[in-house]
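This report refers to the structure that appears directly beneath it.
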Amino acid sequence: STRLRSRSVCVSRARQERQLCPPPGSALLPSHMGVGRRFYKLAVAASVLLLAHVTVCAIQHREYLKAMQQPFTYPPVEIVLQCALVLVLGAWGVLGLQANFVPIRTTTHLAKQTVDSLDGGPEWVHFNTRPLR
Amino acid sequence: VFCLVLRRRPSPHAPAMEPPSEAADVDFSEVFAGDKIAFNNSKLNYCRVFVAILSGCVAGVLGLTGLSGFVAFFATALLLSAGLYVKVGCQPKPFFKTPSDIWFDGVMQAMLSYILFWTLFYDIVHIY
């Protein structure tokens, strides 16, 4: 019957989905979710600490320029490099931690539904095991 | 939200995510789930504001003033958008209403945070 055929089709589709396949968006780090999050958090923490460090460096550089009575034109190369590293690490870390989007169209998760879920589930199964009195 | 799924006749070539081409059939590919849109927008906003804060601090430390500061903000916003584009696997269509949403959504809200931290760090480093 068609009902049995659709159930077998849905079972095979569910079996296919049970195989592990990484989502397309995990391209930033090759490993899977649990191990990779630590690196993103480390990157964000490192970028914040490096930002504090480069602030102190820039303040000291400004004080040096005031002491030598030289005008401030461009920051030195190491400060520029540290700032670039802050941006790259921070952006990479926050993208890995927070940019986990979910598909918004209902056809995506409705397509994964099988006809078994539309049945109503085992709550609606009636057992007629008691003998009639 | 329970939507009635219209099961069409199974065709071997059409995957489930393609919109039907007939005009009489309802185009279910554009039925959005509101909570998932809100979730995606909050994640996108978080990323944008975080990177705007970082780039504001960097602009203040580097001593950028005036127009160059705003140019730096838009450059970092563009870089973040490129990073987001790579993160979704160069296919923003399943996650956003229009594909250009990933490039322009939330940029103006992040600009206010950028200006705040830009002025703050400029004052810290170059004035005080």
Side-chain angles (χ1 to χ4, degrees), chain A residues 5-6 9 13 22-28 44 47-48 50-63 65 72-75 79-80 82-113 115 117-118, chain B residues 1-5 7 10 15-19 27-40 42-51 53-55 57-63 76 79-80 83-84 86-97 102 121 124-128:
Chain A
R5 189 172 68 229
S6 59
V9 162
R13 198 185 304 149
S26 60
L28 289 183
V44 168
S47 77
V48 170
L50 194 61
L51 181 69
H53 177 257
V54 75
T55 310
V56 170
C57 285
I59 291 173
Q60 287 177 348
H61 179 70
R62 273 303 276 230
E63 285 174 359
L65 287 182
F72 172 78
T73 50
Y74 294 108
I79 288 186
V80 174
Q82 285 181 43
C83 288
L85 200 59
V86 161
L87 279 179
V88 166
L89 277 181
W92 185 74
V94 82
L95 279 183
L97 281 180
Q98 291 288 333
N100 304 312
F101 300 117
V102 294
I104 61 171
R105 286 174 174 81
T106 48
T107 47
T108 327
H109 35 273
L110 284 179
K112 293 180 194 163
Q113 272 191 346
V115 75
S117 60
L118 294 178
Chain B
V1 174
F2 177 73
C3 304
L4 196 64
V5 176
R7 290 274 178 198
M17 278 183 65
E18 266 184 16
D27 188 6
F28 270 100
S29 72
E30 294 306 307
V31 176
F32 297 119
D35 53 344
K36 294 186 168 44
I37 292 181
F39 179 81
N40 280 356
S42 77
K43 292 286 189 186
L44 183 68
N45 210 28
Y46 192 104
C47 294
R48 288 229 185 265
V49 168
F50 186 85
V51 170
I53 288 174
L54 274 187
S55 58
C57 301
V58 159
V61 162
L62 292 178
T76 47
L79 284 176
L80 177 68
L84 283 165
V86 167
K87 183 78 172 33
V88 297
C90 299
Q91 285 167 14
K93 192 100 197 317
F95 306 105
F96 295 95
K97 279 186 192 170
I102 202 170
F121 270 70
I124 288 175
V125 173
H126 297 280
I127 298 185
Y128 294 117

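Note that the coordinates shown come from a computational prediction; the quantities given were computed from them, not determined experimentally. So you know, we letter chains A, B, ... as the sequences are listed, proteins then strands, and number each from 1.
Ranked by non-hydrogen atom pairs under 4.5 Å with chain A, the options B:Ile124, B:Leu80, B:Val58 are led by B:Val58. Interface check for chain A: of the options B:Leu54, B:Ile37, B:Leu62, the most heavy-atom pairs under 4.5 Å are formed by B:Leu62. Across A:Ile59, A:Leu97, A:Val44, the residue that shares the most heavy-atom pairs under 4.5 angstrom with chain B is A:Ile59.
Looking at A:Arg105, its side chain does come within 3.5 Å of a backbone N or O of B:Lys97 through a donor-acceptor pair. Judged purely by atom type and a 3.5 angstrom limit, B:Asn40 uses its side chain to pair as donor or acceptor with the backbone of A:Val102.
Neither the backbone nor the side chain of B:Ser42 comes within contact range of chain A; no heavy atoms are under 4.5 Å apart. For a residue to count as touching a neighbouring chain, one of its non-hydrogen atoms must lie under 4.5 Å from one of that chain's; by this rule A:Tyr74 does not touch chain B.
Contact of the B:Leu79 side chain with the A:Val88 side chain is not registered, since no non-hydrogen atoms from C-beta on lie closer than 4.5 Å.
Residues forming a ring pair (Phe, Tyr, Trp, His ring centres under 6.0 Å) with B:Phe39 (at least two apart in sequence, or on another chain): none.
In terms of heavy atoms, A:Ala58 sits closest to B:Val61 at CB-CG1, 3.8 Å. Of all non-hydrogen atoms in B:Lys43 and A:Gln98, the two that sit nearest each other are CD-O, 3.0 Å.
Using cut-offs of 30° and 60° for the angle between ring planes, the A:Phe101 and B:Phe95 rings count as tilted.
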